[in-house]
Novice: 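The structure's right below; bear with me while I get my questions together.
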Amino acid sequence: MLKPLQFFQTLTQRITNSVSEDAPAIDIWEYAEPAGEEPDPLKRNVLQWRRIISSVRDPLETFPDQPVDVIGFVHRMPFDSPEQFTIARQIIRCCLADTVPLGLSVYSPKASQYETNSWLRIQGRFSIESIKGNPALVVTPTKIKLIRTPKKLYINGVF
């Protein structure tokens, strides 16, 4: 397996034709997990959850108490409270050059313990919390585990 830096260096060399034609091509999908439909809520990744959540009229009525088991990196927004962060993944829309972070809001009294960009597995349930005075759908963890960076860093948003 190529390390992330090796991967990008090799990709750059291939794009700029600075590698001989005999070098093997890189299959970027080797680094991305699929995001097709997943009926089992405990097997859905953040992109699958986001698609399902955005497909219903009122997520605040539909998803509370739904179980969640996702992995991703800790992403913080400037306006996040100490009790919240986003569990995110980079989504490939067309190619590696256009990846975008996408995630689910996590609300926990222990949120500030986790460093930005650290990788976590979060198990819990959706609930409704007041964020800046507005009701919001969030993941309320029952278990948070620090994990190693996964081999499949990305999610295939192309299908």
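Starting from 1, each residue takes its place in the sequence as its number.
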Novice: What pair of heavy atoms forms the shortest contact from Q48 to R44, and how long is it?
Specialist: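 Minimum heavy-atom separation between Q48 and R44: OE1-CA, 3.1 Å.
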Novice: Hey, mind stepping through E33 and R89 against salt bridge (Lys or Arg N to Asp or Glu O under 4.0 Å) and telling me if it holds?
Specialist: CA-CA 11 Å; E33 66 181 58; R89 295 289 294 275; 3.2 Å; yes
Novice: I53 and F63: which non-hydrogen atoms are nearest, and at how many Å?
Specialist: CA-CE1, 3.7 Å
Novice: State, to 0.1 Å, how close L42 and P67 come at their nearest heavy-atom pair, and which atoms those are.
Specialist: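 Minimum heavy-atom separation between L42 and P67: CD2-CB, 3.7 Å.
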Novice: Using side-chain contact (heavy atoms from CB on, under 4.5 Å), reason through I87 and L120 one step at a time and then give a plain yes or no.
Specialist: CA-CA 8 Å; I87 187 80; L120 304 175; 4.0 Å; yes
Novice: Can you measure from CD (E38) to CG (D40) and round to the nearest 0.5 angstrom?
Specialist: 5.5 Å
Novice: Using side-chain heavy atoms (C-beta onward) and a distance below 4.5 Å, is K145 in contact with W119?
Specialist: no
Novice: Can you find a heavy atom in the side chain of P41 that is under 4.5 Å from one in the side chain of V68?
Specialist: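 Not touching, per the 4.5 Å side-chain cut-off.
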Novice: So, taking the atom named OG in S118 and the one named NE2 in H75, what distance separates them when rounded to the nearest 0.5 Å?
Specialist: 13.0 Å
Novice: Return the OG1 to CZ distance between T86 and F73, rounded to the nearest 0.5 Å.
Specialist: 9.5 Å
Novice: A side-chain contact here means heavy atoms from C-beta on lying under 4.5 Å apart; do I91 and P101 qualify?
Specialist: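 SC-SC contact between I91 and P101 ruled out.
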Novice: What's the shortest heavy-atom distance between P141 and V106, and which atoms?
Specialist: CG-CG1, 3.6 Å
Novice: Donor-acceptor check, side chain of T62 to backbone of D58, threshold 3.5 angstrom: yes or no?
Specialist: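 Yes, the answer is positive, given that a donor and an acceptor are paired below the 3.5 Å cut-off.
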Novice: Enter the distance from N134:CG to I128:CD1 here, rounded to the nearest 0.5 Å.
Specialist: 12.5 Å
Novice: Any chance the side chains of T140 and R125 put a donor and an acceptor closer than 3.5 Å?
Specialist: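 Absent: no donor and acceptor within the cut-off.
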Novice: Working to the nearest 0.5 Å, report the span between CD1 of I122 and OG of S108.
Specialist: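 Reported to 0.5 Å precision, the distance equals 8.5 Å.
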Novice: How close do I155 and N45 get, counting heavy atoms only, and between which atoms?
Specialist: CD1-CG, 3.6 Å
Novice: Could you please spell out the steps behind the side-chain contact (heavy atoms from CB on, under 4.5 Å) verdict for R121 and D69?
Specialist: CA-CA 7 Å; R121 177 179 180 192; D69 186 349; 2.5 Å; yes
Novice: Just how far is it from atom CD of E129 to atom CD1 of I131, taken to the nearest 0.5 Å?
Specialist: 6.5 Å
Novice: Heavy-atom distance under 4.5 Å between the side chains of D80 and Y107, does that happen here?
Specialist: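 No, side chains not in contact.
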Novice: Can you see which heavy atom on Q84 is nearest to which on A111, and at what distance?
Specialist: N-CB, 3.6 Å
